[in-house]
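Below: the structure, in structure tokens.
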There are 2 protein chains.
Amino acid sequence: MASDASPVSAKTPVTLREVAALAGVSVATASKALNGQGRMTAETRERIRETAQRLGFRPNSLAQSLLRRRSFTVGLLTNDTYGRFSLPVMSGISDALVDKGVSVFLCNVEDDQRLGQLHVDAMLDKRVDGIIATGKRIDRHLPVDLSNLGVPVIYAFTQPDPGAVAFVSDDAGGARLAVEHFWRLGRRRIAHVTGPASFAVVHARAQAYRDVLTEKGLPVMEPLLGSWSEAWGHEAVTKLFDGKLSKSGDEKPDAVFCGNDQIARGVIDALRERGLDVPDDVGVIGFDNWQIVAEATRPPLTSVDMNLAALGREAGLTLLSLVGGEPAAPGIRKLPCRLVVRQSCGRPPDG
Amino acid sequence: MASDASPVSAKTPVTLREVAALAGVSVATASKALNGQGRMTAETRERIRETAQRLGFRPNSLAQSLLRRRSFTVGLLTNDTYGRFSLPVMSGISDALVDKGVSVFLCNVEDDQRLGQLHVDAMLDKRVDGIIATGKRIDRHLPVDLSNLGVPVIYAFTQPDPGAVAFVSDDAGGARLAVEHFWRLGRRRIAHVTGPASFAVVHARAQAYRDVLTEKGLPVMEPLLGSWSEAWGHEAVTKLFDGKLSKSGDEKPDAVFCGNDQIARGVIDALRERGLDVPDDVGVIGFDNWQIVAEATRPPLTSVDMNLAALGREAGLTLLSLVGGEPAAPGIRKLPCRLVVRQSCGRPPDG
DNA sequence: TCCATCTGAGAAAACCTTTTCCCAAACCGC
DNA sequence: GCGGTTTGGGAAAAGGTTTTCTCAGATGGA
């Protein structure tokens, strides 16, 4: 039955002309019948529909696009080859667009200007309806100039051109989430171990960390900046527990908020090697919620999730409305993070 | 200068008609001039070229595609959302195609049949020249039927339909590489810790492991099957070093070949906890060469790389030749792995 | 019976490019 | 000066669809 409805072999796609011929009408009428336009008897319309169905007719998108000046296609530019960050973003974009019949050209431009231009030109030639730029860093430009392209551009998780629309994660908010979570759990000596000063997010998160501690009247330890690696997490534990960092004396931290999950992993391993229990002696929170790391950590790591898929979805929908002609206020929109609680922080003291 | 050559604003794309009008020729002549076809005076050709350049003319791909019945577009289907495996494959594909002006639609179908059909239909409507299917497992089908689509299909790192062209990694060969490397280093009691029996690659690698040991006249320990996790690597070390596994007595392994890098990481951590040195006491080799894990391991992990990018490149080129009408023999082609040597195996005894 | 209105459906233009033919003018040799 | 060839370039069809305009016939009212 079902297999009867679809043609056995679709070697050459069926055209509207063939449908029309078989239904004994003109292509104009056939087109209108299938699109619910025009006026004709119900029988005629039904007959055409049925013929189209039987032949497995599907309109040629290329022809439609040419006419409508709208290709139902968007380009996604990234420089994040192995896509820890941009892949969830892509997934969200695709999610938002697939139902509207929009397909996504994925283009990895590495950090190569030539490659970037090549891909952008190819997209433009193929008349994409719009372009989304994403990347591996929120504070770096893609190696391409996307201004004055003649199509709308949205930035997601990458540095936008001035005057453009961009979506990024609210890193400060995410950091607050983590530190306040520690506070609610009764932790009072909270340290922060994070990445290199060259990253904007390092400062945003560190400042939020300081702000929360200040608000709560807790001692502020200067954030420890290093690299994004496990090794640095390891090393930082030595600094934290062997050195004298706290202004308020030599008390050791009972919580460490880490700039990413790999650092957190290094911290947890180092703590264990020192005989300190996580979470009983020291609570640990990571950032990025990189599932495969967070879940492999012992104990599983509580981590801040940047909601990248949601960010992508938002970007996709906004691009679509831009394509549809609705204006969007330029500027950077920050989307909230969320805290994914696992077992590296313990329970509330009264819980 | 350079900015003079390109239009300040490309709001509405320039058409050939406009170029022709401005150059004072017909569109036919303009087309021929720009494509190096037809016959005309050198001056005419140059004048048209120059006009096109000045106007920033770029031919409308949609119109070209419609005419040529070739969209210079391929679809890439995957179910590997967070793309450990499929992303390198994609990268290789894109690499192979971008120079030929071919763009890639990336479609993540999860494991959802409806989503799969949706994406395939969208691709077909957009008249992709071909489709490449990839995934996260070599022995699983995508949730879509790709037979009789009317366009060529290539499978890469996923289970093909019978009679199709497929590229996969040579897992047995990769395993041989690892075990023979141990052998060359003088290791003689080599264990194998790997993933669940439900994976075809587990058996392929285990068999190759047995084969090499047998060829070399070494004792064969039964491979330890578990999960793909660090935790299992940890647990396996207990079994290996506390139980009696070797037929030839109770000697402990001096090398462990692991089914993936996460297991290897668990193994290394567990060995350290036992006071065993890697690589001095025990050598360890992983599989997948997942850089971020392999390099974070202490010591950095020697691992088998499946050359997924090369696999993708091969798939892309083959698809292209299929699109070009050249026939390709159906069947599964296995591409060699390579061993990436880091520091978890030590040096040759005489080195 | 005749005019006006409405109904169902088709012709044709449009989207943009490529390619095949075709034609007029120039040129050549005689 | 004339037939034949080359040269430079244009007209038109093709690709598949949508949309506007048009039109013939039917219907309704007077």
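Proteins come first, then strands; the chains are lettered A, B, ... in the order of their sequence lines, and each starts at number 1.
Heavy atoms from other residues, nucleotides or ligands lying under 6.0 Å from CD of B/Glu46 number more than 12. Within 6.0 Å of NZ in A/Lys334 there are 12 or fewer heavy atoms belonging to other residues, nucleotides or ligands.
Within the model, atoms CG of B/Asp145 and CG of B/Asp161 stand 6.0 Å from one another, a figure rounded to the nearest 0.5 Å. Interatomic distance, B/Leu320 CG to B/Glu326 CD, rounded to the nearest 0.5 Å: 9.5 Å. Interatomic distance, B/Leu322 CG to B/Leu317 CG, rounded to the nearest 0.5 Å: 12.0 Å. Note that OH of B/Tyr155 is 14.5 Å distant from OG1 of B/Thr318, once rounded to the nearest 0.5 Å. The line from CZ of A/Phe72 to NZ of A/Lys100 is 11.0 Å long, rounded to the nearest 0.5 Å. Taken to the nearest 0.5 Å, the CD1 atom of B/Ile131 stands 11.5 Å off from the OG1 atom of B/Thr73.
Scanning residues 45-52 of chain A for heavy-atom distances under 4.0 Å to DNA chain C yields an empty list.
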Next on the checklist: Using side chain to side chain donor-acceptor pair (under 3.5 Å), reason through B/Lys126 and A/Ser103 one step at a time and then give a plain yes or no.
Outcome noted: CA-CA 9 Å; B/Lys126 290 186 173 118; A/Ser103 304; 2.8 Å; yes
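If you walk DNA chain D from 5' to 3' and mark each nucleotide with an atom closer than 4.0 Å to a heavy atom of chain A, the marks span D/dG16 to D/dT20.
Residue A/Thr44 is in sugar-phosphate contact alone, with no base atom involved, counting any heavy-atom pair closer than 4.0 Å across all strands shown.
Residues A/Arg68 and A/Asp129 are not paired through a salt bridge, judged by the lack of any N-O separation under 4.0 Å between the basic side chain and the carboxylate.
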Would you list the protein and nucleotides 11-18 of chain C atom pairs, both N or O, that sit under 3.5 Å from each other?
residue	atom	partner	partner atom	Å
C/dT17	OP1	B/Asn60	N	3.3
C/dT17	OP2	B/Leu16	N	2.4
C/dT18	OP1	B/Gln64	NE2	2.7
C/dT18	OP2	B/Ser31	OG	3.0
C/dT18	OP2	B/Asn35	ND2	3.3

